[in-house]
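Computation of the quantities below employed the complete heavy-atom set of this structure, encompassing side-chain atoms and omitting hydrogens, waters and symmetry-equivalent molecules. Just so you know, these numbers come straight off a predicted model, no measurement behind them. Letters A, B, ... are given to chains in the order of the sequence lines, protein chains preceding strands, and every chain is numbered from 1.
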Amino acid sequence: MQDLDKNDFIAFPPNGKKVLLEYCSPNTNKPLHIGHVRNMLLGYSTTEILKANGYDVTTVSIYNDRGIAICKSMAAYIERGNGATPESTGIKGDHLIGDYYVLFGQIVTEQLRAKYNVPADQDVYKTIGKEKEVAEQETEIFAKAKDLLLKWEAGDEATIALWKKMNGWVYAGYQVTYDMMGVSFDKDYYESQTYTLGKDIIDEGLAKGVFYKRPDGAVAIDLTPDGLDEKILLRSDGTSIYMTQDLGTADVRYNEYHMDKMIYVVANEQDYHFKVLKLCLQKLGKSWADGIHHLSYSLVESPTGRFKSREGKTADADDMIAEVLQIAEEKTKELGKTSGFSAEEANALYKTIGLGALKYFILRVNPYKKIIFNPEESIDFHGHTGPFIQYSHARIRSLIRKYTGTLVSIDTTTTLHSTERELILQLFEYPTVLLAAADKYDPAEIANYVYNLAKLYNKFYNEVPILTAPTQEEKNLRILISKVTGDTIKKGMKLLGIEVPEKM
RNA sequence: GGCCGCGUAGUACAAUGGAUAGUAUAGAGGCCUCCGAAGCCUUUGAUUCAGGUUCGAUUCCUGACGCGGCUACCA
């Protein structure tokens with residue numbers, strides 16, 4: 001009991017181990033969507049959890065800023081953009097570029113309709129009997145995109161300038177979303193700078209006999225002994241593919257950071273890719289490859305299945321955030337909770353509560369489980385939610401503000417109320433949970449612990465008088481328990497990237 | 001076809017080789033002239049199916065079914 005006020009445990013001491021953690025890593029031809037939200041939350045929270053466990057964590061993101069996708073947006077922009085900018089249109093940069101990516105698809109359809117004389121009420125691809133990916137290559141607009149790609153690769157000045165300008169808009173747009181989500185990266189990588197990496201690794205693999213050159217000239221590795229297939233690592237024309245880049249980038253990062261662990265937060269669609277990546281590096285004799293961990297997570301789906309980008313609104317990160325903030329504002333006003341708040345304070349509170357609801361909703365689920373997100377029903381403020389925990393914290397703070405005595409630990413022999421005892425035991429579990437969360441790379445461990453703690457405290461609060469406790473000793477002890485509970489909720493939620501208000 | 005993941009109340013999430021499988025929400029009922037009712041209390045309701053291992057399986061194994069993903073010289 002005397003140890004309770006010494007329970008100021010926040011984190012384990014530094015363990016001298018370095019971690020490189022990559023997350024988010026969007027393609028710059030469209031805005032962030034709900035999948036990036038889960039990615040960012042997992043990446044951010046895992047980082048905080050590892051830091052609290054004593055790791056030295058460096059976060060990185062890699063932007064897939066080149067290739068045919070961005071060239072499609074550029075082609076559509078040249079065709080129909082009329083010099084539009086985020087400033088002239090009032091559209092957030094990443095959305096603007098995304099709009100042109102969508103427009104590209106529309107132009108493809110238009111051109112195919114014209115070419116094959118397909119009436120507007122018929123599905124073009126069905127009518128002509130070709131897959132979209134195949135048919136689009138017949139169009140003029142696609143030829144223009146392809147031409148842009150070649151010009152970009154040749155270093156054509158005008159093309160590079162446009163590419164830089166458009167990507168710049170995208171980054172500015174992303175930054176707004178990052179700030180809202182509270183994430184940042186220690187270092188940014190760009191595919192345009194790393195896509196030629198990996199050739200050295202290929203040579204090394206060939207020299208060591210781990211990789212082999214096929215008759216057609218492509219370099220491959222045979223992973224059938226490991227239960228996988230033959231995997232191409234370099235194209236027959238000698239250019240690199242995704243895997244080549246990732247091998248090269250991993251090697252470069254190791255030489256730069258000498259990290260003990262390299263964590264990739266990437267959706268489970270790429271389980272196979274990362275299995276191959278790790279195996280290749282291990283077979284090359286890179287001992288550090290053992291430290292590679294793919295933090296795989298399942299997709300977020302709508303009630304009717306996978307969110308498709310063309311379904312639009314519901315899958316967009318910015319729209320989703322705006323929506324929860326809106327709901328938080330309505331709900332808070334409805335409850336009349338903001339009397340005495342300035343406009344800024346009230347807005348800050350809506351943001352805290354709205355984001356708390358959204359972040360908690362996603363982080364409370366194990367990463368490997370898919371999440372069904374129903375925009376209409378999923379964001380709740382009662383029960384097993386972020387706002388419930390935030391409310392519990394605010395009520396504790398309110399209680400403590402009312403207490404005028406000093407907080408001293410008492411060598412008490414008072415018999416404890418059963419819930420009181422249970423609560424104290426829960427509080428001492430925090431380090432164990434923190435350890436487990438890092439061990440499993442699972443923020444849900446923290447999320448569920450904090451919820452259970454808040455729930456238990458609320459039970460205690462209802463069952464046991466605190467400020468009105470019969471004796472000074474009991475009052476003192478219960479305030480102390482309340483304070484430690486509030487602090488533990490606060491630090492736990494901080495690991496999830498969720499703020500807890502003093503009042504709400 | 002092959003491989004990987006998942007399958008727990010109407011819905012959304014927990015948990016465990018063991019004893020009454022927890023919680024939320026939705027439904028029913030109760031608690032503000034005592035510390036904040038975004039709260040608390042009571043109550044209804046679930047381990048996809050079939051085998052196997054085991055004294056004991058919701059958990060481990062095999063198969064079926066369902067959902068999702070991967071199976072590119074795309075990223």
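A:K440 places its NZ atom 11 Å from the C1' atom of B:A14, with the value rounded to the nearest Å. Nucleotide B:C74 holds its P atom 12 Å from the CD atom of A:Q137, rounded to whole Å. Spacing between atom CD of A:Q270 and atom P of B:C70 amounts to 9 Å, rounded to whole angstrom units. When the P atom of B:A75 is taken as reference, atom CZ of A:R66 falls 7 Å away, rounded to whole Å. Taking atom OH of A:Y451 as the reference point, atom P of B:A15 lies 14 Å away to the nearest angstrom. One atom, CG of A:D246, and another, C1' of B:C74, lie 13 Å apart when rounded to the nearest Å. One atom, CG of A:L233, and another, P of B:A72, lie 14 Å apart when rounded to the nearest Å. One interatomic measurement links the two molecules: NE2 of A:H384 to C1' of B:U23, which rounds to 7 Å at whole-angstrom precision.
Evaluation of the salt bridge (Lys or Arg N to Asp or Glu O under 4.0 Å) test over residues 324-341 of chain A, restricted to residues two or more places apart or in two chains, returns A:E329-A:K333, A:K331-A:E334.
Consecutive pairing runs in RNA chain B reach the stem threshold at B:1-7 with B:65-71, B:10-13 with B:22-25, B:27-31 with B:39-43, B:48-52 with B:60-64, where a stem means at least three Watson-Crick or G-U wobble pairs with distances under 3.5 Å.
Taking atom P on both nucleotides, B:U53 is separated from B:C61 by 16 Å, rounded to a whole Å. Distance check on atom P: B:C4 versus B:C60 gives 15 Å, rounded to whole Å. Between B:G39 and B:A24, the distance separating the two P atoms is 10 Å to the nearest Å. For the C1' atoms, the distance from B:U47 to B:G1 is 31 Å, rounded to whole Å. B:U42 and B:G56 are spaced 34 Å apart, taking the C1' atom of each and rounding to whole Å. Comparing the same atom, C1', in B:U44 and in B:C35 gives a spacing of 33 Å after rounding to whole Å. A distance of about 7 Å separates the C1' atoms of B:U48 and B:G7, rounded to the whole Å. Rounded to the nearest Å, the gap between the P atom of B:A26 and that of B:A38 is 14 Å.
Within residues 357-368 of chain A, the residues approached by RNA chain B to less than 4.0 Å at the level of any non-hydrogen atom are A:R364, A:V365, A:N366, A:Y368, in residue-number order.
A salt bridge is absent between A:K459 and A:E422: the closest approach of a Lys/Arg side-chain nitrogen to an acidic carboxylate oxygen does not fall below 4.0 angstrom. The existence of a salt bridge linking A:K490 and A:E499 is excluded, since no basic side-chain nitrogen approaches an acidic carboxylate oxygen closer than 4.0 Å. At a threshold of 4.0 Å, the pair A:R235-A:D237 does not count as salt-bridged, since none of the basic side-chain nitrogens sits closer than that to a carboxylate oxygen.
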For residues 270-282 of chain A, tabulate all N or O donor-acceptor pairs below 3.5 Å that involve a side-chain atom, not counting sequence neighbours.
residue	atom	partner	partner atom	Å
A:Q270	OE1	A:Y242	OH	2.8
A:D271	OD1	A:S296	OG	2.8
A:Y272	OH	A:D229	N	3.4
A:H273	NE2	A:D246	OD2	2.9
A:K278	NZ	A:I292	O	3.0
A:Q282	NE2	A:D290	OD1	2.7

Show me, pair by pair, the donor-acceptor contacts under 3.5 angstrom made by side chains of residues 345-353 of chain A, not counting sequence neighbours?
residue	atom	partner	partner atom	Å
A:E345	OE1	A:S342	N	2.9
A:N347	ND2	A:A343	O	3.3
A:T352	OG1	A:A348	O	2.9

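Scored by the side-chain contact (heavy atoms from CB on, under 4.5 Å) test, A:Y44 finds A:Y23, A:E48, A:V183 as partners (sequence neighbours excluded). Residues passing the salt bridge (charged side-chain N to carboxylate O under 4.0 Å, His left out) test with A:K151, sequence neighbours excluded: A:D147. Qualifying side chain to side chain donor-acceptor pair (under 3.5 Å) partners for A:T332, counting only residues two or more places apart in sequence or in other chains: none. Looking at residues two or more places apart in sequence or on another chain, you find no salt bridge (charged side-chain N to carboxylate O under 4.0 Å, His left out) involving A:K503. Residues satisfying the salt bridge (charged side-chain N to carboxylate O under 4.0 Å, His left out) criterion with A:K283, sequence neighbours excluded, are A:D226. Taking A:K146 as the reference, nothing meets the salt bridge (charged side-chain N to carboxylate O under 4.0 Å, His left out) condition, with sequence neighbours excluded.
Distance from the side chain of A:D229 is smallest to B:U71 among B:C73, B:A15, B:U71.
Counting any heavy atom pair closer than 4.0 Å across all strands shown, A:N448 reaches no nucleic acid atom. Looking at heavy-atom distances under 4.0 Å, A:R397 makes no contact with the nucleic acid at all. No contact: A:N452 has no heavy atom under 4.0 Å from any strand. Here A:Y272 lies in heavy-atom contact (under 4.0 Å) with sugar-phosphate atoms only.
Its glycosidic angle being more than 90° from 0, B:C49 falls on the anti side.
The side-chain contact (heavy atoms from CB on, under 4.5 Å) test with A:L363 is passed by exactly one of A:I446, A:D442, A:L496, A:N448: A:L496.
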Letter per nucleotide, 5' to 3', of nucleotides 32-41 of chain B [B base touched, S only sugar-phosphate touched, - untouched; heavy atoms, 4.0 Å]: ---BBSBSSS

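Mapping A:M243 and A:G227 onto RNA chain B by nearest heavy atom places A:G227 closer to the 5' end of the strand.
The phosphate of B:A12 has neither OP1 nor OP2 within less than 4.0 Å of any side-chain N or O from A:K369.
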